[in-house]
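Encoded as structure tokens, here's the structure I'll be asking about.
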Amino acid sequence: MRRARPQQRDTLAVRLPDGREIGVLRVVDPRARHLRLLLSARGPRLTVPAGVPAHEAQRFLDRHLAWLADQLAEDPGAPAPASALVPGEAAQVPLRGRLLEVEWRASRRLGVTQDGEGLVIDLSPSASPAAVRRALREFHLSEARADVGRWLPHYLPGLPRAPRLWRIRPLASLWGSMSTSGTLSLDLALVLGPPEAFHYVLVHELCHLIQPNHSPAFWREVEHRFPDWRAQRRYLREDGLALKGTLRALLED
């Protein structure tokens, strides 16, 4: 079996139209099919398919610098609105568009549960901050799975086939994807925001089982199943970086 060629990464120094100098992560990815510029929670990233000349990638980047400047102006630095949890200290944790007050309780066993409008974290004496982060991740993952498990059956009768499998995990830049083999991936950060946005991303990816593109026919399929998709796409474009930043702050070292 041939091994896939590894990605190549470096940082490009660019000057925006407003005079600011920033770094753009350039990733040469053998799996990529198109040049793509995006602003993720980790900063600007230019994805370049293997074999694309450097000067062509540079021209593509130059054409999109005004767009990048606008995105950075809307969300300068993409700061995370939440900080890491410190056991025992007052905190709020987002879930489904609401902030839940954290109640720390001494316990023999570490665990995270929702109690009405709050979040209860049972803290054992030996629990480390890393263990608390893992428990919080499992809590959010369980909640996200419950949402998908509740929504997904409604759409299956109208699809040519069901997803081969589905998984939820933190994604660096995408909100979701549907592979050619039918594997559905969804970003764990979606469970932090309003359920409508999460629901839209699920519908969006399921429609790729019908139209594996973003053609007008694809958007008609989305419209048929989720008429409010434009508002939810706008929300993710405007506030999505904050969601991803919050998840990173809560779950990473």
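The figures that follow rest on heavy atoms only: side chains count, while hydrogens, waters and symmetry mates do not.
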List the atom pairs, donor and acceptor, that lie under 3.5 Å between side-chain atoms in residues 110-118 and the rest of the protein, sequence neighbours left out.
from: Gln114; atom 1: NE2; to: Gly116; atom 2: O; distance (Å): 3.2
from: Glu117; atom 1: OE1; to: Arg98; atom 2: NH1; distance (Å): 2.4
from: Glu117; atom 1: OE2; to: Arg98; atom 2: NH1; distance (Å): 3.3

Going only through I, L, V, M, F, W and Y residues with side-chain contacts under 4.5 Å, is there a path from Leu25 to Leu68?
no
Let me check something: do Phe60 and Trp67 share a hydrophobic cluster, defined by ILVMFWY side-chain heavy atoms less than 4.5 Å apart, either directly or through other members?
yes
So, using salt bridge (charged side-chain N to carboxylate O under 4.0 Å, His left out) as the criterion, who are the partners of Arg105 when residues are at least two apart?
Asp122
Residue pair Val14 / Leu61, side-chain heavy-atom distance below 4.5 Å
yes
Search all heavy atoms of Leu123 against all heavy atoms of Pro87 and return the closest pair with its distance.
CD2-CB, 3.7 Å
Spell out, yes or no, whether Leu171 and Leu206 are grouped together once hydrophobic residues are joined by side-chain heavy atoms under 4.5 Å, including indirect joins.
no
With clusters built from Ile, Leu, Val, Met, Phe, Trp and Tyr whose side-chain heavy atoms come within less than 4.5 Å, directly or transitively, what are the remaining members of the cluster of Leu165, listed by chain and number?
none
Any pair counted as salt bridge (charged side-chain N to carboxylate O under 4.0 Å, His left out), so long as it reaches residues 157-172, sequence neighbours left out:
none
Are Leu35 and Val48 close enough that some pair of their side-chain heavy atoms sits under 4.5 Å apart?
yes
Is there side-chain contact between Leu65 and Pro17, with heavy atoms separated by less than 4.5 Å?
yes
Work out which heavy atom in Pro94 is nearest to a heavy atom in Leu192; give both atom names and the distance.
O-CD2, 3.4 Å
Intermediate values then yes/no, side-chain contact (heavy atoms from CB on, under 4.5 Å), Arg26 and Thr11
CA-CA 6 Å; Arg26 177 173 56 186; Thr11 300; over 6 Å; no
May I ask whether Trp151 and Trp229 are part of the same hydrophobic cluster, defined by side-chain heavy atoms of I, L, V, M, F, W, Y residues being less than 4.5 angstrom apart, directly or through others?
yes
Minimum heavy-atom distance between Pro170 and Arg137, given as atom pair plus value:
CD-NH2, 3.3 Å
Trace of the side-chain contact (heavy atoms from CB on, under 4.5 Å) decision for Val93 with Leu99
CA-CA 5 Å; Val93 170; Leu99 287 174; over 6 Å; no
Note: Trp175 and Ala189 closest approach over all heavy atoms is CZ3-CB, 4.2 Å
Are the side chain of Gln232 and the backbone N or O of Ala197 linked by a donor-acceptor pair below 3.5 Å?
yes
Please give me the minimum heavy-atom distance between Pro125 and Ser107, naming the atom from each residue.
CD-O, 3.4 Å
Would you say the ring centroid of His199 lies under 6.0 angstrom from that of Tyr155?
yes
Counting heavy atoms not belonging to Arg233, are there more than 12 under 6.0 Å from its CZ?
yes
Using the test side chain to side chain donor-acceptor pair (under 3.5 Å), find all partners of His214 that sit at least two apart in sequence or belong to another chain.
His204, His208
Going from CZ on Arg9 to CG on Leu46, what distance comes out if it is rounded to the nearest 0.5 angstrom?
12.0 Å
For the CG atom of Leu186 and the OG atom of Ser177, what is their distance to the nearest 0.5 Å?
8.0 Å
Just so I know, are the side chains of Ile210 and Leu159 near enough to count as touching, which here means a heavy-atom distance under 4.5 Å?
yes
Has Glu223 got more than 12 heavy atoms of other residues, nucleotides or ligands less than 6.0 Å from its CD?
yes
Give the C-alpha distance, both sets of side-chain angles, the deciding distance and a yes or no for side chain to side chain donor-acceptor pair (under 3.5 Å) between Glu101 and Gln92.
CA-CA 5 Å; Glu101 294 285 344; Gln92 293 180 319; 2.7 Å; yes
Do any N or O atoms from the side chain of Ser142 and from the backbone of Glu138 form a donor-acceptor pair under 3.5 angstrom?
no
With rounding to the nearest 0.5 Å, note down the distance linking CG in Leu136 to CG in Leu247.
9.0 Å
Can you find a pair of side-chain heavy atoms, one from Trp166 and one from Leu202, that are under 4.5 Å apart?
no
If we ignore hydrogens and angles and just use 3.5 Å, is the side chain of Arg225 paired with the main-chain N or O of Gly158 as donor and acceptor?
yes
State which residues pass salt bridge (charged side-chain N to carboxylate O under 4.0 Å, His left out) with Asp147; sequence neighbours excluded, sorted by chain then number.
Arg96, Arg150
Side chains of Cys207 and Val203: does their closest heavy-atom pair fall under 4.5 Å?
yes
May I ask whether Leu174 and Phe198 are part of the same hydrophobic cluster, defined by side-chain heavy atoms of I, L, V, M, F, W, Y residues being less than 4.5 angstrom apart, directly or through others?
no
I'd like to check Leu188 versus Leu190 (side-chain heavy atoms, cut-off strictly below 4.5 Å). Are they in contact?
no
Indicate the atoms forming the closest heavy-atom contact of Pro153 with Pro157, along with that distance.
O-CD, 3.4 Å
Are the side chains of Arg133 and Leu250 in contact, using a 4.5 Å heavy-atom criterion?
no
